Amino acid sequence: MAATRRLRELADSALTRTRFPSGSVTVALSGGADSAALAVLAIQSGLEVSLFHVHHGFDASDMLAAAASEVADRLGIALETVSVAVGEGASLEAQARDARYGALTKVDGPVVTGHTRDDAVETMLINLVRGTGADGLTGIPYHRRPNVYRPILDVSRSETREIAALADLPFRDDPANESLDLTRNRIRHVVLPRLRELNPNLDETMARAASALRSDRDLLDEMADGALSDEMETSVITTLPSPIADRVVKRWLAAHDVEVSADAVARVWSVVSGDSDRQELDRGRSVVRDRAVIRVE
């Protein structure tokens, strides 16, 4: 009885901080505690819930798939499992993430993932270490286009683990989360415990900082959107404040289906400034200057 009361109190508290999309949702069920708790919260929100698992083909993937299946059985909801091929690259973690999101974006309707406040704090620190701008310090966005949402980014990992345990869900921890070969795990297991010694309220403090930066970012994005056009006048770009001008260039590239990268942005600026009349972009295309405007051809 006490466990049931505690579960109800935890879930009620967490639900005041969730941002679920309306209607029906598909929970990306990894087999771990966070997504298991996410499923519980989605159900208690009164949403129509489906469950979806991505099998990455790693050593622990069968174990996690079995855990996801057991959680689904306990919840009484059918589980759809899809296997993905993880590409090769410098970062296996990044390749797995790309493959996973590739599968999630093919799901009809909103998909929700179990990213917590702890994940957002870790991402902020990873980005800081790698040398990010202000955007990278906003943490993890609540919405990843086109259809992926992170409703429990204001809920802590300790809360999700307790919710999943009290709900008697047979989740499993991914052994890869313990490997200090991964940057995120070194941040999680080595760096953050030391920082929390300096500031026991570190997570709340960083969440406030991220929220303030998101407000600044949203304003700059809105101003950049207002200055964007198909064929950009160089005089418009060069007279904008640099934080807005850089955003305009990135949006202009994305609008022309050009991969947005630091190199691509630098090539556009070379043409805008008049240092060159043409710079190659991707897939055989170029940014060119035609008198007072630039265009992609």
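This one's a predicted model, so the numbers in the text were calculated from it and none came from an experiment.
Among all heavy-atom pairs drawn from P146 and T105, the shortest one is CD-CG2, 3.7 Å. Of all non-hydrogen atoms in A165 and F171, the two that sit nearest each other are N-CE2, 3.9 Å. Taking each heavy atom of A72 and L51 in turn, the nearest pair found is CB-CD1, 3.5 Å. Scanning both residues, A39 and L75, for their nearest heavy atoms gives CB-CD1, 3.7 Å. Listed here is the closest heavy atom pair of V40 and L169: CG2-CD1, 3.5 Å. Contact record, N185 with L180: O-CD2, 3.9 Å, taken as the closest heavy-atom pair.
Looking at residues two or more places apart in sequence or on another chain, you find a side-chain contact (heavy atoms from CB on, under 4.5 Å) between E259 and D282. Annotation: salt bridge (Lys or Arg N to Asp or Glu O under 4.0 Å) contacts of R278 (sequence neighbours excluded): E297. Listed by chain and residue number, F58 satisfy the ring pair (Phe, Tyr, Trp, His ring centres under 6.0 Å) test with H56 (two or more places apart in sequence, or in another chain). For R188, the salt bridge (Lys or Arg N to Asp or Glu O under 4.0 Å) partners two or more places apart in sequence, or in a different chain, are D119, E122. Take H189 and apply the ring pair (Phe, Tyr, Trp, His ring centres under 6.0 Å) test, not counting sequence neighbours, and it matches no residue. For the side-chain contact (heavy atoms from CB on, under 4.5 Å) test, no residue two or more places apart in sequence or in another chain qualifies with E88. Applying the ring pair (Phe, Tyr, Trp, His ring centres under 6.0 Å) criterion to F52, with sequence neighbours excluded, gives no partner residue. Shown here are the side-chain contact (heavy atoms from CB on, under 4.5 Å) partners of A210, two or more places apart in sequence or in another chain: M124, R214. A search for side-chain contact (heavy atoms from CB on, under 4.5 Å) contacts involving T113 returns A28, L104, H115, V148, R150, not counting sequence neighbours.
Hydrophobic clustering places I43 together with L10 (ILVMFWY residues linked when any side-chain heavy atoms are closer than 4.5 Å, directly or through intermediates). When hydrophobic clusters are built by joining Ile, Leu, Val, Met, Phe, Trp and Tyr residues whose side-chain heavy atoms come closer than 4.5 Å, directly or via intermediates, L38 is not grouped with L153. V86 and L182 are not part of a single hydrophobic cluster, where members link through side-chain heavy atoms under 4.5 Å apart. L92 and I187 sit in two unconnected hydrophobic clusters of ILVMFWY residues. Membership requires side-chain heavy atoms under 4.5 Å apart, directly or through other members.
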Chi angles and distances behind the side chain to side chain contact (heavy atoms under 4.5 Å, CB included) call for R161, D173: CA-CA 10 Å; R161 290 189 70 86; D173 293 325; 2.9 Å; yes
Please walk me through it: do T160 and D34 pass side chain to side chain donor-acceptor pair (under 3.5 Å)? CA-CA 5 Å; T160 59; D34 296 336; 2.5 Å; yes
Take L137 and L213, measure what side chain to side chain contact (heavy atoms under 4.5 Å, CB included) needs, and give me the verdict at the end. CA-CA 7 Å; L137 294 178; L213 286 166; 3.5 Å; yes
Does the side chain to side chain contact (heavy atoms under 4.5 Å, CB included) test come out yes or no for R289 and T234, once each step is laid out? CA-CA 9 Å; R289 183 181 180 122; T234 57; 3.6 Å; yes
Between V268 and I294, does a side chain to side chain contact (heavy atoms under 4.5 Å, CB included) hold up when you go through it step by step? CA-CA 9 Å; V268 172; I294 58 171; 3.9 Å; yes
Walk me through whether T123 and R184 qualify under side chain to side chain donor-acceptor pair (under 3.5 Å). CA-CA 8 Å; T123 297; R184 180 174 295 275; 3.0 Å; yes
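Under the 3.5 Å distance criterion, the side-chain polar atoms of T239 are matched with a main-chain donor or acceptor of V236. Not a single donor-acceptor pair under 3.5 Å links the side chain of S179 to the backbone N or O of P175. A donor-acceptor contact shorter than 3.5 Å links the side chain of N147 to the backbone of G109. Using a distance-only test at 3.5 Å, with no hydrogens or angles considered, a donor-acceptor pair links the side chain of R186 to the main chain of D181. For T132 (side chain) and L128 (main-chain N/O), no donor-acceptor pair under 3.5 Å exists by modelled atom type. In terms of modelled atom types and a separation under 3.5 Å, the side chain of N127 and the main chain of G136 share a donor-acceptor contact.
Of the inter-residue distances, the one linking E9 atom CD with L166 atom CG reads 10.5 Å to the nearest 0.5 angstrom. Here S35 contributes atom OG and L29 contributes atom CG; the two are 4.5 Å apart, rounded to the nearest 0.5 Å. Note that the CG atom of D203 and the CG atom of D118 stand 5.5 Å from one another [nearest 0.5 Å]. Between N201 atom CG and M206 atom CE the span is 13.5 Å, to the nearest 0.5 Å. Taking CD of Q44 as the reference point, atom CZ of F20 lies at 10.0 Å (rounded to 0.5 Å). Between atom CZ of residue R17 and atom CG of residue L15 there is a gap of 9.0 Å, rounded to the nearest 0.5 Å.
Within the structure, salt bridge (Lys or Arg N to Asp or Glu O under 4.0 Å) contacts touching residues 60-84 (residues at least two apart or in different chains) are E70-R172, R74-D168. Listed by first and then second residue, the ring pair (Phe, Tyr, Trp, His ring centres under 6.0 Å) pairs involving residues 209-258 are W252-H256 (not counting sequence neighbours). For residues 130-143, the salt bridge (Lys or Arg N to Asp or Glu O under 4.0 Å) pairs, not counting sequence neighbours, are D135-R247.
Around atom CD of E231, more than 12 heavy atoms belonging to other residues, nucleotides or ligands sit under 6.0 Å away. Heavy-atom neighbours of E48 CD from other residues, nucleotides or ligands within 6.0 Å: at or below the threshold of 12. Taking a 6.0 Å sphere around CG of D12, one finds it holds more than 12 heavy atoms contributed by other residues, nucleotides or ligands. Heavy-atom contacts from other residues, nucleotides or ligands closer than 6.0 Å to CE of M63 number more than 12.
Ion pair R295/D230 not flagged as a salt bridge, since none of the NZ, NE, NH1 or NH2 atoms sits closer than 4.0 Å to an Asp/Glu carboxylate oxygen. For D221 and R251, the salt-bridge test passes: some basic side-chain N is under 4.0 Å from an acidic carboxylate O. A salt bridge links R6 with E162: at least one charged nitrogen is closer than 4.0 Å to a carboxylate oxygen. Taking a cutoff of 4.0 Å between a charged side-chain nitrogen and a carboxylate oxygen, D246 and K250 do not qualify as a salt bridge.
Side chains of D263 and S261: no donor on one and acceptor on the other come within 3.5 Å.
With a 6.0 Å cutoff to the six-membered ring centre and a 45° limit on the axis angle, R144 does not count as a cation-pi contact of Y149.
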